[in-house]
Amino acid sequence: MSHRPVSLHAPRGSIAADVIREGIDALLADQEGDFPLQFSPEVLAEAERAAAQDLSATDRVDRTEVPFVTLDPASSTDLDQAMHLERTENGYRVLYAIADVPWFVELDGLLDHAARERGETLYLPDRRIPLHPELLSEGAASLLPDQDTPAFVWVLDLDGAGEVHSIGLERALIRSVQKLAYDQVQEELDRGEGRPMMLLLQEIGALRTQLEAQRGGASLNVPEQEIVAEGEVVQLSWRRPNPIEDDNAQISLMTGMAAASLMLEHGAGILRTMPPAEQQAVDRFRRQSDVLGIPWSTEQSYGEFLRSLDWHEPTHLALLNLATSLFRGAGYAAFASAAEVPADPEQSAIAAPYAHTTAPLRRLVDRFVLLVCDDHVSGRTPSPELLAAMAQIPDAMRAAGARAGNLERTAIDLVETAALAAWEGEEFDATVLERREATESSNGNGDGGGNGSSGSNGNGNGGAPTRVEVQLTDPPITAWVPMDAEAGEVVRVRLESVDPAKRRAVFVAADPARATDAALGAEGSKSSDGTPA
């Protein structure tokens, strides 16, 4: 019998977990004062009191006999949603339970204000900084299996085509019976051994996806960069969400659309907004599709066109990345009366009004959407205190999103540059995602106008040379390189240098004839914000 050789060394490109921990610790130390890292003793004490509340004293619908299940990444313990799906005579019934965070977090209390400071749970490569104390977010308020937990339960009745024709919402007590994991469920489905409820989730998800296409909605199926911990080492990889994750997302989208319709009907709430793509961006993307040889027919909506693309194909991958220019300007709009409803309440990517309501453990705004929807369904007028608080949430979410995005990108750069050190000096095949023409600067100071670049482009004009953004498969990163190539082309690049301390990795064209500025040399680099460094 033959045996595989055993290696006692970490795989190439992996990083010792303690190196990452030390780097993130230093990064967070630099951010001290800008982002609250710890909860005060007073907030933790309030969380303990909230977790100890007597659920039996509340007037709730008893749904503990319903066999709810959760579906999340295997490692998740902050479980916001649980579902029970069933077939009915006329279609389907979806019971979608959402953690009742307002039961634990009193409006205008210490927990409420601590959550408003954070805005959202922050996910870093080796840790997460929760929106709420873990005693709640991963304990008493989480929809963990085999514990009685308060929840808002959306009762959505669908017809045979998947359209929602009845919306209900109740505060209930539920008991999840099982915590399911995406990868395991997908493996079972692929083997033909899917659980009945997951088969039903596939069925409803497919119907909802078809409805999304009919109304002109769109989604970007671009691979995600994933940081995987394996024992005491950390590695990078590309990951495309499982099909069952897309089906699960359709249930969440459907619920957010139901919440939006309730708030618009009653004239108070908070919508997730995204303006339509500017015509200039649409025209540019259409030209790019023609150049890449994948013309976007004028008879197709952009949602239909994007769904036809396969990220495994280099030119398709380039187009999917270029399509991000069509999905910009997302925000929130709060309104306390019908007169304040946005003129165009439709979220353009979904092609329907939409609200965030299914992740209150991890996102601030969802708690307020749940509260106001509960008032609407129960026939109550939202309190002045709730309406006043809602008005502040869009700004709080905007600030939190910007702060968290910057910190998360910097942390990812830290991991990437540490991993890339093992490949310094080597060459790689890469797919060109985008090409940017050379620019000139009028200030003459040679600063290059970029994040992390060393300055002059070598031609004396202080601008930047023509450069391209490329995606590598292994190692799994994207980078900007001073060279000339067309989007969708597969090119050869070399990792010129890596400086983990400065979180900077520099790529150049492997073929000198491709380089756009020989004097620039090591100016191509990996940038944390997705722009040329």
Side-chain angles (χ1 to χ4, degrees), residues 209 212-213 216-226 236-243 245-246 277-328 348-349 416 427-438 464-495 507-511 513-516 524-527 529-532:
T209 299
E212 179 182 83
S219 56
L220 278 175
N221 295 315
V222 183
E224 302 171 346
Q225 187 188 58
E226 186 175 51
L236 296 169
S237 65
W238 287 122
R239 179 182 184 273
R240 167 67 174 89
N242 292 306
E245 296 177 56
D246 294 333
E278 295 182 0
Q279 190 59 47
Q280 182 179 3
V282 173
D283 292 342
R284 179 172 180 266
F285 182 69
R286 195 179 293 280
R287 289 194 300 271
Q288 290 166 329
S289 71
D290 289 338
V291 168
L292 289 173
I294 315 168
W296 174 15
S297 168
T298 55
E299 298 176 356
Q300 275 183 308
S301 68
Y302 68 84
E304 290 175 308
F305 180 61
L306 295 179
R307 275 186 290 272
S308 72
L309 302 177
D310 179 1
W311 69 268
H312 293 91
E313 296 290 332
T315 51
H316 290 211
L317 176 61
L319 266 180
L320 285 167
N321 278 273
L322 291 169
T324 57
S325 65
L326 304 177
F327 295 83
R328 291 179 177 167
S348 63
E416 287 183 341
E427 296 184 2
F428 307 90
D429 287 330
T431 300
V432 177
L433 303 177
E434 184 177 355
R435 177 183 183 275
R436 291 192 183 175
E437 292 280 0
T466 297
R467 64 264 194 221
V468 296
E469 185 183 25
V470 300
Q471 179 170 306
L472 284 66
T473 300
D474 187 17
I477 66 160
T478 59
W480 285 89
V481 186
M483 65 184 298
D484 199 0
E486 296 300 327
E489 190 176 348
V490 176
V491 297
R492 195 79 174 157
V493 299
R494 184 175 71 254
L495 179 55
F507 287 84
V508 297
D511 179 0
R514 286 272 200 175
T516 50
S525 69
K526 175 70 186 79
S527 168
D529 63 0
T531 59

Undergrad: As an exercise, state the distance from CD of Q471 to CZ of F428, rounded to the nearest 0.5 Å.
TA: 14.0 Å
Undergrad: Indicate the atoms forming the closest heavy-atom contact of V491 with A485, along with that distance.
TA: CG1-CB, 3.7 Å
Undergrad: Evaluate I294 against E313 for side chain to side chain contact (heavy atoms under 4.5 Å, CB included), listing each step before the verdict.
TA: CA-CA 11 Å; I294 315 168; E313 296 290 332; over 6 Å; no
Undergrad: Inspect the contact between R435 and E469 and indicate whether a charged nitrogen and a carboxylate oxygen are less than 4.0 angstrom apart.
TA: no
Undergrad: Does R514 have any side chain to side chain donor-acceptor pair (under 3.5 Å) partners at least two apart in sequence or in another chain, and if so, which?
TA: E489
Undergrad: Does T478 reach the side chain of V470, with side-chain heavy atoms less than 4.5 Å apart?
TA: no
Undergrad: What distance separates E427 CD from L495 CG, expressed to the nearest 0.5 Å?
TA: 11.0 Å
Undergrad: Please round to the nearest 0.5 Å and tell me the distance separating atom CD of Q300 and atom CZ of R307.
TA: 10.0 Å
Undergrad: Is it the case that the side chain of T466 and the backbone of D484 share a donor-acceptor pair, with hydrogens and angles ignored and the cut-off at 3.5 Å?
TA: no
Undergrad: Go through the structure and list residues passing side chain to side chain donor-acceptor pair (under 3.5 Å) with Q280, not counting sequence neighbours.
TA: none
Undergrad: Please name all residues satisfying side-chain contact (heavy atoms from CB on, under 4.5 Å) with E278, sequence neighbours left out, ordered by chain then number.
TA: none
Undergrad: I need the R467 CZ to E437 CD distance, nearest 0.5 Å.
TA: 9.5 Å
Undergrad: With sequence neighbours excluded, tell me which residues meet side-chain contact (heavy atoms from CB on, under 4.5 Å) with D429.
TA: V490, R492
Undergrad: If you look at every heavy atom in A509 and A515, which pair is closest and at what distance?
TA: CB-N, 3.9 Å
Undergrad: So, for A281 and S325, which heavy atoms are closest and what is the spacing to 0.1 Å?
TA: CB-O, 4.1 Å
Undergrad: Write down the atom of S301, the atom of G216, and the distance for their closest heavy-atom approach.
TA: OG-CA, 4.3 Å
Undergrad: How long is the straight-line distance from CZ of F285 back to CZ of F305, given to the nearest 0.5 Å?
TA: 5.0 Å
Undergrad: Side chain to side chain contact (heavy atoms under 4.5 Å, CB included) between L306 and F327: does it pass, once the steps are laid out?
TA: CA-CA 12 Å; L306 295 179; F327 295 83; 3.8 Å; yes
Undergrad: Working note: F507 + W480, criterion side chain to side chain contact (heavy atoms under 4.5 Å, CB included); need CA distance, chi angles, decisive distance, verdict.
TA: CA-CA 7 Å; F507 287 84; W480 285 89; over 6 Å; no
Undergrad: Name all pairs fulfilling the side chain to side chain donor-acceptor pair (under 3.5 Å) condition that reach into residues 281-299, sequence neighbours left out, sorted by first residue then second.
TA: Q279-D283
Undergrad: Name the atoms and distances for all side-chain donor-acceptor pairs under 3.5 Å in residues 314-324, with sequence neighbours left out.
TA:
from, atom 1, to, atom 2, distance (Å)
H316, ND1, D310, N, 3.0
N321, ND2, L317, O, 2.9
T324, OG1, N321, O, 2.8

